[in-house]
Amino acid sequence: MGEAVSRPYRRTMPATWWLTNRAYFLFMVRELTSVFIAIYLVLLLVLISKVAAGREAYEAYLTFLGTPAVLAFHVLALAAALYHSITWFNLAPKGLVVRVRERRVPDAIIAGSNYLAWIAVSALLWWVVL
Amino acid sequence: MNPWQNTNSAADQMHEMLEHDILVIGGGAAGLRAAIAAVQTNPRLNVAIVSKVYPMRSHTVSAEGGAAAVIKSNDSLEEHINDTITGSDWLADQDVVEAFVREAPDELLQLEHWGCPWSREPDGSIAVRPFGGMTIERTWFAADKVGFHLLHTLFQTSLKFESLTRYDEWFATKLLVENGRCQGVSAIELRTGEVRLLLAKAVILCTGGAGRIYPFTTNGAIKTGDGMAMAYRAGVPLKDMEFVQYHPTGLPGTGILITEAARGEGGILVNKDGYRYLQDYGMGPPDPWPRLRAMELGPRDKISQAFVHEMRKGRTIAGPYGDVVHLDVRHLGETKIDTKIPFVRELAHRYAGIDPVHEPIPVRPVVHYMMGGVHTDINGATPIAGLYAAGESACVSINGANRLGSNSLTECLVFGARAGRHAAAFAAHHRSLDRAALAAQARDEAKRVAGLDGTDGGTERIAMLRTEMTRAMEEGTGIYRDEGSLSKACDVLRTLRDRFARIRLDDRTRSFNTELIAALELECMLDVAEAVAHSALARTESRGSHQRTDHPKRDDARFLKHTLAYSTDGAPRIDYLDVVITRWPPAERVYGR
Amino acid sequence: MRHSSEPIWWSLFAAGGVVAALVAPVQIALTGIAAALGWADDAFTHARVLALVSHPISRLYLFVLISLPLFHSAHRFRFTLIDLGLKQGRGLVAVLCYGAAVAGTILAALVLIRL
Amino acid sequence: MAEPTIALEIFRYHPEQGEAPSFRRYEIPYREDWVVLDGINYIKDQIDGTLAYRWSCRMGVCGSCGMMINGTPRLSCAAFLREYFPNPVRVEPLAHFPVERDLVIVMDDFMHKLREVKPWLIRGQETPLSEGEYRQTPAEVDEYKQYSMCINCMLCYAACPVYGLEPRFLGPAAIALAQRYNLDSRDEGRRERQEVLNTEEGIWDCTLVGECTTACPVHVDPAGSIQRAKVTATVDWYKDVLLPWGKR
Ligand SMILES: Cc1cc2nc3c(=O)[nH]c(=O)nc-3n(C[C@H](O)[C@H](O)[C@H](O)COP(=O)(O)OP(=O)(O)OC[C@H]3O[C@@H](n4cnc5c(N)ncnc54)[C@H](O)[C@@H]3O)c2cc1C
Ligand code: SF4
Ligand code: F3S
Ligand code: FES
């Protein structure tokens, strides 16, 4: 004995780390919203190509969109997209520092204006399309 | 099995000697400033900092209120000198105070140039705030986390010097003096538990104060007077140790400090009747606005003493941790509290459960600062060649019998830098080292440390001894003392020292053995405590923070002198040294006018 | 100065994130739910949709809507894989993810131009 | 007898005893106003002197007493027992760092990274002290003040899964400190620090989990600092590419 010892113990993160606490889990959900959005974008691109391909193709595709599985996907995708929007707007002030007359604009105001823009854009699109 | 018993292996480790030109022991404000000054004086010197905690953990970090230096045009060096000397009750060396005040502004400016986030005036110049015992606002601040910002600025700046080495979490145990010169230290590397030999041409002690010899203190766990004890054992006297500062406003229970800046910004102290009692102790008039050098902006010794009188009159407020008075800042309003003293609000909220915006803060006097320390001259040099000291561990003598708030951070910088420069010059001219003899000393020290664990039948638990020591200090050497209380404290300390020889540790291992460190710290504290008690016993007068009920008057004829306590095998030997008086002859200390 | 290519990908990710946050929910509600369920039938007749989509502004809008969020998704997915422990093939993961987004962008351009 | 108690379950690891770590349970008196650190000190003094941990100021400013308390990185001097009572409290060393012993982690990595980001004022030209202070308005101080509050407690590192997965990641506090100087009006070293920040292991590994900011006891908001650094690096990049000849 008598020899000096320093033998640090190293811990590793399990692949399931994101299940170990709520915040990590919500983070993972946030990141995975991107998968739903990507799939949706592909479906949208197909929709546009079907519009180009003609009425029949378009209508057949609408029927496909109406099948329960695809509908269910879109409902989930909508939830994911909403989650994305909310987390995104809440985090947006982080990278952004806005100053008015030497005073930093509070994060809540920046986030708030994002929400307003969101509502306006959504309403506009809804009105244009429908 | 006891790993320490194998002395051969302890000897083997000594083969590796670590050698530097200058060793700075301590990584607080004083240590970092000294190290930077040394490398800047001579970039070819190889400088190392040894610290028992990572530098940014040093207790400088907890200083809240500010650092004093003359910068504004309404101020003058003369006034700062005057305030400091009056505050010291004429026990400061006046040549030292002059040097201190003269060099202070450049030191704080240097910090500014290194990035310290000092609070500013709207025009971008440095802002200053009033502080106790100062005639004019001259305390620089960075909100109320001044020590924190100062320490981190110094530490981060120190990172840019390539020739600076650091030994973080190395605990120095002994100064190695050979041939009349200090040539290094032995230190325990906490991670491995090895006792290592560090050689140097000059050593600067910057190990901070020793508030932990008392039970109720603003000081962190690491303030155990190690450097004072090391110097003391090496033969350097400890100077003016009887002067222990009580800060008037600590949170009951924890002893967490509510900075004097709270009063500087306008906070008031009231007793149980809501009465500003300081006016009864010659510190009035009780203006509704903060008046400099009066009432709540008086010096700490007087305000703490007034508390004791109020308590005796039954006018304080009983609480679970003893009596308190109220520090009221409500009238400052939420905005001012949040910009000037946000940390006060946070601490009061977290540790006292009250919001100072709406309620007064319960406070009581708490041990805060050691005016005394390792005896040095104006350059930080101790009587041992090659050994320097600075910061709270040293006593260069600017604080005398009572330190003014915000002078000590500045002191760390001014005298840290001075010690660094002088050590650099010394190291350049004394290059030889007595390696063999030093190695032998370090071997002995390793054996001594190894013998501490009590495997040979020890029974005493260190926590117990520590509690008894702090109790003895509180009871015997508090705000008011007398011969009876002091002699009793001296006796108790002596028996504790004997009992220390029979301690027993639970931890017999080496890697990060914090129990062993605690034992070594306790041993240091016992030395320091004895120096305090004996110095206080011998000083039969009252001056500044040293108030003897049996000798209530200041006695310049006999005691316009520094106390020097020398370590002996028995009780400390007490000697005296004249105070340097240049242009400011002793006078009455007047506040409130 | 050494250039990391991350700023390109990150700026596309961030821009895509904004676009997705602003319009993905309403888009999904429109095409994935309203159109699929046949609400407001006259709004989704082939003729009207074709007219609506062919307008130059719509084409540009759709291009932005599809391309940028694809980069957004690619970036997030890339890091999700890394976060899940796929550290070895970092380079390959990046190529595949951004490759898919680039491919999607080109396809979208082709479809929209030919419309 | 009626005195209430609370259990602390403490992670124990000792390199010399070579065993795998284990938890030890200690029953201690429960006091309303005790923080977890007080409980641990009680154990050290009264029950088991072999427990190793770091602490000093016990007022939340020295940054040495960070621990995982019931799985969350906290300063043990600022976490009150009453937040957990009557349930037991589980105390572990800060996550993601190697453990030297018991609750003591190895912090070499952080110390190294701190230095990497050059956390000191960089100036092209040093102005002599005789010219006085560099002027800085309160608004200019505000610009970086928040990031200067970091006490190096490393709770943010223990909170960040990205650091747990990729130890080379520069990590929240180091980046926040780089930003602290980058945003200081007296500093001219941003481009130099960018060499370290604008790398994969620099700011780009961060996926904005945001837990660093949640964990930070002094509200530094490292997540925000990293986001701002990303924006700046991106703007720099486009400037460099689009105006390679221009003034950078
Ligand atoms: C709560 C509080 C508030 C204060 N507020 C103010 C204020 O507003 N203004 C003001 O002017 N002053 C203030 N003070 C006083 C001032 O902060 C201190 O006097 C000063 O910081 C001391 O600095 P230092 O460098 O001497 O020691 P420290 O900062 O205590 O550093 C000591 C260093 O020595 C090292 N060390 C100690 N022993 C050993 C050993 N055996 N081996 C190796 N290393 C060792 C430690 O690791 C540490 O790095 C305050 C003090 C306290 C406690
Ligand atoms: S950023 Fe906050 S959590 Fe991270 S080290 Fe600094 S103070 Fe601690
Ligand atoms: S938790 Fe980690 S991933 Fe980024 S935002 Fe904070 S550093
Ligand atoms: S002990 Fe200093 S931060 Fe907790």
Side-chain angles (χ1 to χ4, degrees), chain A residues 13-15 17-18 27-28 30-49 51-52 54-56 58-59 62-67 70-71 73-75 77-78 80-82 84-89 92 95 114 117-118 121-126 128-130, chain C residues 13-14 16-18 20-40 42-50 52-54 58-59 61-62 65-67 69-70 72-80 83-86 100-101 104 107-108 110-112 114-115:
Chain A
M13 279 180 69
W17 61 268
W18 50 282
F27 159 76
M28 201 44 96
R30 185 190 88 193
E31 297 302 280
L32 288 175
T33 58
S34 67
V35 174
F36 286 91
I37 292 173
I39 296 174
Y40 166 73
L41 294 172
V42 172
L43 292 175
L44 177 68
L45 186 55
V46 175
L47 177 70
I48 301 167
S49 69
V51 173
R55 213 183 112 181
E56 259 161 57
Y58 170 69
E59 279 172 2
L62 279 190
T63 319
F64 165 73
L65 290 183
T67 54
V70 181
L71 250 178
F73 164 80
H74 276 106
V75 171
L78 176 60
L82 284 170
H84 166 73
S85 300
I86 292 168
T87 52
W88 190 269
F89 293 140
N114 281 333
W118 183 33
V121 169
S122 301
L124 177 75
L125 278 171
W126 191 264
V128 167
V129 174
L130 288 183
Chain C
F13 152 80
V18 173
L22 279 175
V23 299
V26 64
Q27 278 295 149
I28 295 172
L30 283 169
T31 72
I33 296 173
L37 286 179
W39 299 350
D42 45 338
F44 293 109
T45 58
H46 182 254
R48 176 159 190 271
V49 172
L50 184 60
L52 190 65
V53 181
S54 312
S58 307
R59 292 190 206 208
Y61 164 76
L62 286 170
L65 167 64
I66 293 173
S67 170
L70 272 180
H72 168 81
S73 294
H75 186 82
R76 271 202 165 157
F77 194 62
R78 168 186 164 211
F79 278 98
T80 305
D83 287 346
L84 289 176
L86 212 85
L107 260 172
L110 289 177
V111 168
L112 289 167
R114 293 228 206 100
L115 207 72

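Note that the structure is a prediction, hence the values are computed from the model and not measured.
Here A/W118 and A/F89 bring their ring centres to under 6.0 angstrom of each other.
The most heavy-atom pairs under 4.5 Å with chain A, out of C/G104, C/P69, C/G16, come from C/P69. Contacts with chain C were tallied for A/L43, A/L44, A/V35, A/V70; A/L44 has the most, counting heavy-atom pairs under 4.5 Å. Ranked by non-hydrogen atom pairs under 4.5 Å with chain C, the options A/L62, A/T67, A/L78 are led by A/L78. Considering only heavy-atom pairs separated by less than 4.5 Å from chain A, the leading option among C/L110, C/V49, C/V23 is C/V49. Your options are C/S67, C/A14, C/S54, and the one with the most heavy-atom pairs under 4.5 Å with chain A is C/A14.
Looking at A/L47, only its side chain comes within 4.5 Å of chain C, counting heavy atoms on both sides. When heavy atoms are compared at a cutoff of 4.5 Å, C/L37 approaches chain A solely by way of its side chain, counted from C-beta outward. For A/F36, no part lies near chain C; criterion is any non-hydrogen pair under 4.5 Å. Residue contact with chain C, scored on non-hydrogen atoms closer than 4.5 Å, involves the side chain of A/L32 exclusively. When heavy atoms are compared at a cutoff of 4.5 Å, C/L52 approaches chain A solely by way of its side chain, counted from C-beta outward. At a 4.5 Å heavy-atom cutoff, C/R114 makes no contact with chain A through either its backbone or its side chain. Contact annotation for A/V121: only side-chain heavy atoms (C-beta onward) come within less than 4.5 Å of a heavy atom of chain C. Both the backbone and the side chain of A/V128 have a heavy atom closer than 4.5 Å to some heavy atom of chain C. For a residue to count as touching a neighbouring chain, one of its non-hydrogen atoms must lie under 4.5 Å from one of that chain's; by this rule A/T33 touches chain C with the side chain only. Residue contact with chain A, scored on non-hydrogen atoms closer than 4.5 Å, involves the backbone of C/T45 exclusively. Only the side chain of A/M28 comes within contact range of chain C, with at least one heavy atom under 4.5 Å from a heavy atom of that chain. For chain A, the nearby parts of C/D83 are the backbone and the side chain; heavy atoms of each come within less than 4.5 Å. Proximity to chain A (any heavy atom under 4.5 Å) is shown, for C/F79, by neither the backbone nor the side chain.
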Q: Please step through side-chain contact (heavy atoms from CB on, under 4.5 Å) for the pair C/H72 and A/W88, ending with a clear verdict.
A: CA-CA 12 Å; C/H72 168 81; A/W88 190 269; 3.7 Å; yes
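Considering all non-hydrogen atoms of both residues, A/V51 and C/H46 come closest at O-NE2, 2.9 Å. The heavy-atom pair separating C/P25 from A/L82 by the smallest distance is CB-CD2, 3.8 Å. When every heavy atom of C/R76 is checked against every heavy atom of A/S34, the shortest pair comes out as CB-OG, 3.5 Å. Across C/A20 and A/H84, no two heavy atoms sit closer than the pair CB-NE2, 3.7 Å. Scanning all heavy atoms of the two residues, the minimum distance from C/L22 to A/S122 falls at O-OG, 3.8 Å. In plain terms, the two heavy atoms of C/V53 and C/R59 that are nearest each other are O-CG, 3.4 Å.
Note: C/S73 OG to C/R78 CZ = 14.0 Å, rounded to the nearest 0.5 Å.
Contacts of C/L112 classified as side-chain contact (heavy atoms from CB on, under 4.5 Å), with partners at least two apart in sequence or in another chain: A/I48, C/L62, C/F63. Considering only residues two or more places apart in sequence or on other chains, A/T87 meets the side-chain hydrogen bond (donor to acceptor under 3.5 Å, both in side chains) condition with none of them.
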